Number of protein chains: 2
Amino acid sequence: MTEVTTTGADLPRLRELNSLSIVRALRDHPPSTVTELSRRTGLSRPAVDVIAQGLVTDGWARVLEPGSSSAVGRPARRYQFRAGAGHVLGVDVGAHKILALLADLDGTIVHSVRHAVDAQAGPAERLAELDAVIESCLSQAGKSPTDIWAVTVAVTGAVDASGRTSFFTPLPGWQSVDLTAHLAGRFSCPIVVENDCKLGALGEQWQGAATDAVDIVYLQGGMRTGAGLIIDGVLRRGFGGAAGEIGALKQVRWLDAPAHLQNCPGVPETVGPDDAAAWVFNAARDGHKAARAAVNRYVKDLAVGAAALVLTLDPQVVVFGGGFSRSADLVLDPLRRELERLCLRMPDVRASTLGADSVALGALKLALNEVDQRLFGGGLSAPVAPRR
Amino acid sequence: MTEVTTTGADLPRLRELNSLSIVRALRDHPPSTVTELSRRTGLSRPAVDVIAQGLVTDGWARVLEPGSSSAVGRPARRYQFRAGAGHVLGVDVGAHKILALLADLDGTIVHSVRHAVDAQAGPAERLAELDAVIESCLSQAGKSPTDIWAVTVAVTGAVDASGRTSFFTPLPGWQSVDLTAHLAGRFSCPIVVENDCKLGALGEQWQGAATDAVDIVYLQGGMRTGAGLIIDGVLRRGFGGAAGEIGALKQVRWLDAPAHLQNCPGVPETVGPDDAAAWVFNAARDGHKAARAAVNRYVKDLAVGAAALVLTLDPQVVVFGGGFSRSADLVLDPLRRELERLCLRMPDVRASTLGADSVALGALKLALNEVDQRLFGGGLSAPVAPRR
DNA sequence: CTACTTTGTAAAGCGTCAAGCGTAAAAAGG
DNA sequence: CCTTTTTACGCTTGACGCTTTACAAAGTAG
């Protein structure tokens, strides 16, 4: 499914292309017979056989000798992509928690570690916690940093064009942190830092509520409101990495939208500011009048920005994710009503199915994409970790 | 530069791919020697020679026998892409005029015809005028409809996903018109109907103010305000063809923005409503106080929608086009100031260099793209007009 | 005219894939 | 247990397309 530029191609290149095509077919349906691969790629059986054997000697695939086959006829040898040849790491550095996911090249999650972090923690403390999470995730899975082929870290705030620094962020003291540089000492593989909303969108497209769509607006509803955009199947960063930051427009009341929930009258003293929103949602669900009004005001403000995104992009799907997506049952219907009122063509409005994990999963997916691009983008090199 | 999906490829496919690569190299630098092509494509000289000769016999290229060569060594035979093998038509159906451009496969304009149309004309009259423009454009260039390989028509209003009907439009009585069906009788080639703002964006990217950019927001400023979006080099229509219609949001005062100019106090009675805006711009340029204020109010309203687009997409360039782009000298600076105030990362703000022609040129480009996709998308068929 | 440079073209060699056919390995049926 | 059927394996042959090499052709520079 990947694309290669059409320049002059000679025979070795042709074989490389066909090898790639077999690798892809192998990854899509893990244990495949030669005949299946032949059918899927359009290549002849002998060709597939030779290539598959080459992949085995190169270390890209392993062969499963025929076990108990229930079918009639000679049981076929099966080839399998060696997903365990490399691993990738996706990390979500949030305000309250740090979540690391370790996965193999198939995207199968091997291990995950989640640590709680104080929202007020300074950058040094947060970085130390990040290191601890990564360290324990690797060691508990029995992996070393050299086994990792790509790392993606999700942070709040926009990430600039080089994918390096986040030039503004709500995390205290986080502006001056160069995460890439910080991790460069530990990993020699590619390191990507990306905005959390964008990665949330990627996660929902990969394994969440929008696997069927290619034009997606992902709304992150939480103490901070944001958006991630997928257009024609590809995550869009914008020229300077600031795509989706419609919340910066004052007419779009995203900055103040969560305040409707936090400042809702009737929240007990015992409920902290971080839990106020959850309390309001629960109260609204129970019929609490002021809470319902607060939720409605929140959705009304959310919808203005959402409408701006929808009118700009005309997406197929709008996914509501983020911390408040647990209360999507209260949000979705009024959000739909508002969008119906404001938009020309109504998109499909859905709740996130990944919840709080969407960002880390998106980070994982971006790391996998990075590996794909490096290893399969131009030619098929040996299965070793790419270097920066 | 075009992409092909990586499926299994055999030898004939390889040669097809290389033929394509040569065709492209040939189109980029028209009269090329075999050695040049060999260097550009990476193929060996004999291979290029064989393929080029094949292209000549197929009718895709012609050969120029060596003339007076100033260089040392044996003078080289030169191959040239036969741009005249086919032609495409781009038509802009505006409120006041219909403009048709006829070009060869290189995009070189062979002929153009412009007719004025009464803005109040009904659909029947407008369609008749469209037919007349196309008819005279073809006949004056000595072409018949069978010489045309693709037609694109620009209309105001959104165009739905199938590219067929425009489901709302400011042109009187235009809703019920099925332009594709109307033209299908005359042409057997692909016919595409598209929104004028989107095509304006394409035109500016192709030959206008944004040839260097791949992330472009095109603003159409005129009696109607609209936008076209190019992201990562590709014109984006949105899932339902309604991308860029941010003007439908009431908070974005695009609907009323031109009214600031039309209702400006001090416009003489003798100036009709269609010319009021032009008068106001001229007056503002002469220092007329009320006119300057009206222009500023116009730009302020324009900027809100522009900011929404910029914040959503974070483009590299914003191009100001449409009828008012003749007065870009008055618009650009205040527009920049407003965007600077509203946006996170400031894009490059430029005036259209194509003016009123950008839409028709964009239509031409879309028709050329259509031909490219049909003919060069998968394999290299004979040079004949593609059929729907 | 000769030396030199560059292009055009032919021949040889190699790598890749498709087609075809015999063989191997299992299950099903007698 | 043996035969038949079914499917996969693996080999050979042939065709195709590209590269390399070599050499003739067509110009310029001296």
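Chain naming here is simple, since letters A, B, ... match the order of the sequence lines and numbering starts at 1 in each. Treat the numbers as computed from the prediction; the structure is a model and nothing was measured.
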Kindly say whether the aromatic ring centers of A:Tyr79 and A:Trp60 come within a distance under 6.0 Å. no
In whole angstroms, the gap separating P of D:dC16 from CG of B:Leu17 amounts to 19 Å
Out of C:dA18, D:dG27, C:dT16, minimum distance to the side chain of A:Leu43 belongs to C:dA18
Remember a base hit wins even if backbone is also touched, and classify B:Val50 as base, sugar-phosphate or nothing at under 4.0 Å, heavy atoms.
-> nothing
- Query: Do A:Val214 and A:Ile231 have side chains that get closer than 4.5 Å, going by heavy atoms?
  - Reply: no
Hey, does the side-chain of B:Arg74 have a donor or acceptor N/O within less than 3.5 Å of a partner on the base of C:dT7?
-> yes
| message | So that I can tick it off, tell me whether A:Glu36 and A:Arg39 are bridged by a salt bridge, with the cut-off set at under 4.0 angstrom between side-chain N and carboxylate O. | response | no
A:Arg77 vs D:dT7: side-chain N/O to OP1/OP2 distance below 4.0 Å:
no
Checking D:dT19, D:dA8, D:dG27 against the side chain of A:Ala76 (C-beta onward), the nearest is D:dA8
DNA chain D nearest-nucleotide lookup for B:Pro12 and A:Asp49: closer to the 5′ end is A:Asp49
B:Tyr79 OH to C:dT7 C1', in whole Å, measures 11 Å
message = Under a 4.0 Å threshold between the charged nitrogen and the carboxylate oxygen, would B:Asp232 count as salt-bridged to A:Arg236?
response = yes
* To do: Just call it for B:Thr35: base, sugar-phosphate, or nothing, with non-hydrogen atoms closer than 4.0 Å on any strand.
  => sugar-phosphate
Rounded to whole Å, the CZ-C1' distance (A:Arg15 to D:dC18) equals 16 Å
Among D:dC16, D:dA26, D:dC18, the one nearest any side-chain atom of B:Leu11 is D:dC16
(Q) Under 4.0 Å from OP1 or OP2 of D:dG17: is there any side-chain N or O of B:Asn18 that close? (A) no
Per atom distances to the A:Gln53 side chain, the nearest of D:dC18, D:dG10, C:dG8 is D:dG10
- B:Glu370 vs B:Val192 side-chain heavy atoms within contact, under 4.5 Å: yes
B:Arg13 CZ to D:dC18 C1', in whole Å, measures 17 Å
Taking C:dG8, D:dG10, C:dT16 as options, the one with an atom nearest any side-chain atom of B:Val34 is C:dG8
Regarding the side chain of A:Ile51, the nearest nucleotide among D:dT19, D:dG17, C:dC17 is C:dC17
Here the distance between atom C1' of C:dT16 and atom CD1 of A:Ile22, to the nearest Å, is 13 Å
Rounded to whole Å, the CZ-C1' distance (A:Arg39 to D:dT7) equals 13 Å
*asked:* Students often get this wrong, so: under 4.0 angstrom with heavy atoms, is B:Arg45 touching a base, only sugar-phosphate, or nothing?
replied: base
Taken to the nearest whole Å, CZ/B:Arg78 to P/C:dT7 is 10 Å
